There are 2 protein chains.
Amino acid sequence: MSENAGRWLRDEIENAILSNEFGPGERLDEMVLASRFGVSRTPVREALMQLNAIGLIEIRPRRGAVVIDPGPHRIYEMFEVMAELEGLAGSLAARRLDEPSRQAITAAHKRCEHSAEAGDSDAYYYDNEEFHKAIYAASRSEFLEEQCTQLHRRLRPYRRLQLRVRNRLSTSFLEHCGIVDAIFAGDGEEARRLLRSHVGIQGERFSDLVASMATR
Amino acid sequence: MSENAGRWLRDEIENAILSNEFGPGERLDEMVLASRFGVSRTPVREALMQLNAIGLIEIRPRRGAVVIDPGPHRIYEMFEVMAELEGLAGSLAARRLDEPSRQAITAAHKRCEHSAEAGDSDAYYYDNEEFHKAIYAASRSEFLEEQCTQLHRRLRPYRRLQLRVRNRLSTSFLEHCGIVDAIFAGDGEEARRLLRSHVGIQGERFSDLVASMATR
DNA sequence: GTCAATGATCGTGTATACAAGAATTGAAAT
DNA sequence: ATTTCAATTCTTGTATACACGATCATTGAC
């Protein structure tokens, strides 16, 4: 348990939402949560407000908190923004790359390769996250890194869905290769372009997303 | 006063921070704030946590809240991200422009023109905000609009500083003209490019920022 | 039978009380 | 004089109690 109950609860409830235990639209009763986690309403309310700030739930005054249902279109919009931010991170990384960042990216990239070859989608899911985070860090813009990490976290469940699509694993890794090449070559604009299309969900990938959301 | 004290307090304290009444690094005592605003600590704590989520203050466990001091470099990073998001908004606006958005942009642009000609920096500050918001809305991406609005709000005080720089008013308006042309022409990439350089603070504008921050 | 009004009930919003960790101050020892 | 340790005080974190608005059900009228 984290040092204060509020943040611990935030993570607990967040996980419950991301793992779909609390489905979209579901009402979150403060007292129910309080007794479930063995605390009073006060830290529960703190956690709920933080989740509200993150954008996972909506708190309507005097009417309680409900889990937000983003809907395919909004998810598409979120990926669109994510693509833009990652593109920026990539272009900065390419221009500012130093040795530690280079090594971090290489290491994460290698781990992705192993997971992809093994066809281990769960491992790739994790390694992919590390790969992208390595690029955020390499941008050497702390603010950008924070923004990317936050949005990445929020998109986590949908990313997971995407990886289940046929061939997505190897396609994703191939795209990573191009991105790494561009960054290491110092080609910021190419890195930006590749990351944008890697992260965004254009064309058929959008229907893939909608389809996988329908069957969860 | 808003319907619940928490949000009202959030706005109150936020304004106090943005207007520099609570300076960077300053400690925010819950009881002091509570008695100042005539409420108990509970809504004060709620407001502080929301401000923490926004990024205006930092809450260290058991050690209270302090106003964050971004520092020139971090502000630069924030403008860099803002420029990217606005660029995206502009490019989407150019591709998706409809009649209501076109009218909204035109109206805001006209108001900017008047303020700029009058040399009224306060009026321009406000009209400029409306102009940019019109572009966010024209992107027809609700999520992007929210992100832009949020970041714009956070950068408000520094934007204000920037406008005080000599000739910035007319320069800014001239840039607006180009942006409007590109959007109305449906040239998404040009709109993106122009907005990026309009919003970002490259070169001498960065030293202008640092200088104006030092003398406030 | 349907709709509206009124009262009951439930849940959130706020205040206050209590617990526990951190900062501070003072004294003692080196 | 300086440093360290301990005790006190101050502030935050959590629980609980109370107030008020919203929702729901029941009853009455049309």
Side-chain angles (χ1 to χ4, degrees), chain A residues 1-18 20-70 150, chain B residues 1-18 20-70 150:
Chain A
M1 158 165 10
S2 178
E3 61 247 327
N4 66 0
R7 300 188 185 194
W8 168 67
L9 268 173
R10 170 174 63 79
D11 293 341
E12 283 301 310
I13 301 175
E14 181 179 11
N15 285 333
I17 292 175
L18 295 187
N20 223 26
E21 185 183 345
F22 297 135
E26 187 168 341
R27 173 97 175 271
L28 297 179
D29 189 297
E30 294 178 0
M31 285 196 293
V32 171
L33 291 171
S35 57
R36 163 169 171 170
F37 291 106
V39 294
S40 82
R41 277 178 54 216
T42 309
V44 170
R45 285 179 61 82
E46 298 201 347
L48 290 181
M49 282 191 314
Q50 293 188 51
L51 293 172
N52 177 60
I54 295 174
L56 272 176
I57 67 175
E58 184 187 354
I59 298 181
R60 296 164 303 175
R62 290 249 170 227
R63 300 180 70 199
V66 293
V67 179
I68 281 189
D69 181 8
Q150 197 174 321
Chain B
M1 157 165 10
S2 177
E3 62 249 325
N4 66 359
R7 302 190 182 194
W8 169 67
L9 270 173
R10 171 174 62 80
D11 294 340
E12 284 298 314
I13 301 175
E14 182 179 9
N15 285 334
I17 292 175
L18 295 187
N20 222 26
E21 184 183 345
F22 297 136
E26 186 168 341
R27 174 100 174 272
L28 298 178
D29 189 295
E30 295 177 358
M31 283 197 296
V32 171
L33 291 171
S35 57
R36 163 169 171 170
F37 292 107
V39 295
S40 83
R41 277 180 52 220
T42 309
V44 170
R45 285 179 60 82
E46 298 201 348
L48 290 181
M49 282 190 316
Q50 292 187 52
L51 293 172
N52 177 61
I54 294 173
L56 273 176
I57 68 175
E58 185 187 355
I59 298 182
R60 296 163 304 176
R62 292 248 170 229
R63 300 181 70 199
V66 294
V67 179
I68 281 189
D69 181 9
Q150 197 175 321

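We name chains A, B, ... by the order of the sequence lines, and we start the count at 1 in each one. Remember, it's a predicted structure, so these values are computed and weren't measured experimentally.
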**Q** To the side chain of B:D29, which of C:dT14, C:dG11, D:dT12 is closest?
**A**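 Of the candidates, D:dT12 comes closest.
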**Q** D:dA15 C1' sits how many Å from A:L9 CG, rounded?
**A**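 In whole Å, D:dA15 C1' and A:L9 CG are 14 Å from each other.
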**Q** Measure from the side-chain N and O atoms of B:Q50 to the backbone N and O of B:A47, and report whether any donor-acceptor pair falls under 3.5 Å.
**A**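 Side chain of B:Q50 to backbone of B:A47, a donor-acceptor pair under 3.5 Å: no, none is there.
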**Q** Nearest-Å distance, CZ (B:R45) to C1' (D:dA15)?
**A**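 Going from B:R45 (CZ) to D:dA15 (C1'), I get 12 Å.
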**Q** With nearest nucleotide decided by heavy atoms, which residue, B:P61 or B:V39, maps closer to the 5′ end of DNA chain C?
**A**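 Going by which nucleotide is closer to the 5' end, it is B:V39.
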**Q** Taking the minimum atom-to-atom distance to the side chain of B:R62, which one of D:dT14, C:dA22, C:dT14 wins?
**A**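 For the B:R62 side chain, the nearest candidate turns out to be C:dA22.
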**Q** Round to a whole Å and report the spacing from CZ of B:R27 to C1' of C:dA23.
**A**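 Taking CZ of B:R27 and C1' of C:dA23, I get 9 Å after rounding.
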**Q** So does A:R41 reach the base of C:dG13 with its side chain, donor to acceptor, closer than 3.5 Å?
**A**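 Flag set: donor-acceptor pair detected.
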**Q** If I take atom CZ in residue A:R10 and atom C1' in nucleotide D:dG13, what distance separates them, rounded to the nearest angstrom?
**A**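 Atom CZ in A:R10 sits about 16 Å away from atom C1' in D:dG13.
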**Q** Any salt bridge linking A:R45 with B:E46? Criterion: basic side-chain nitrogen under 4.0 Å from a carboxylate oxygen.
**A**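 A salt bridge links A:R45 with B:E46.
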**Q** What is the distance from CZ of A:R63 to C1' of C:dT12, rounded to the nearest Å?
**A**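 Atom CZ in A:R63 sits about 12 Å away from atom C1' in C:dT12.
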**Q** With a 4.0 Å cut-off on N to O distance, would you call A:R36 and A:E21 a salt bridge?
**A**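 Judged by the 4.0 Å cut-off on N to carboxylate O distance, A:R36 and A:E21 do form a salt bridge.
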**Q** Measure CE/B:M49 against P/D:dT12 and give the value in whole Å, please.
**A**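 Rounding to the nearest Å, CE of B:M49 and P of D:dT12 are 13 Å apart.
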**Q** Kindly give the heavy-atom pair with the smallest separation between A:I57 and A:N52, and that separation in Å.
**A**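 Minimum heavy-atom separation between A:I57 and A:N52: O-OD1, 3.2 Å.
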**Q** B:L28 near the nucleic acid: base, sugar-phosphate alone, or nothing, with a heavy-atom cut-off under 4.0 Å?
**A**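 Here B:L28 touches the backbone only, sparing every base.
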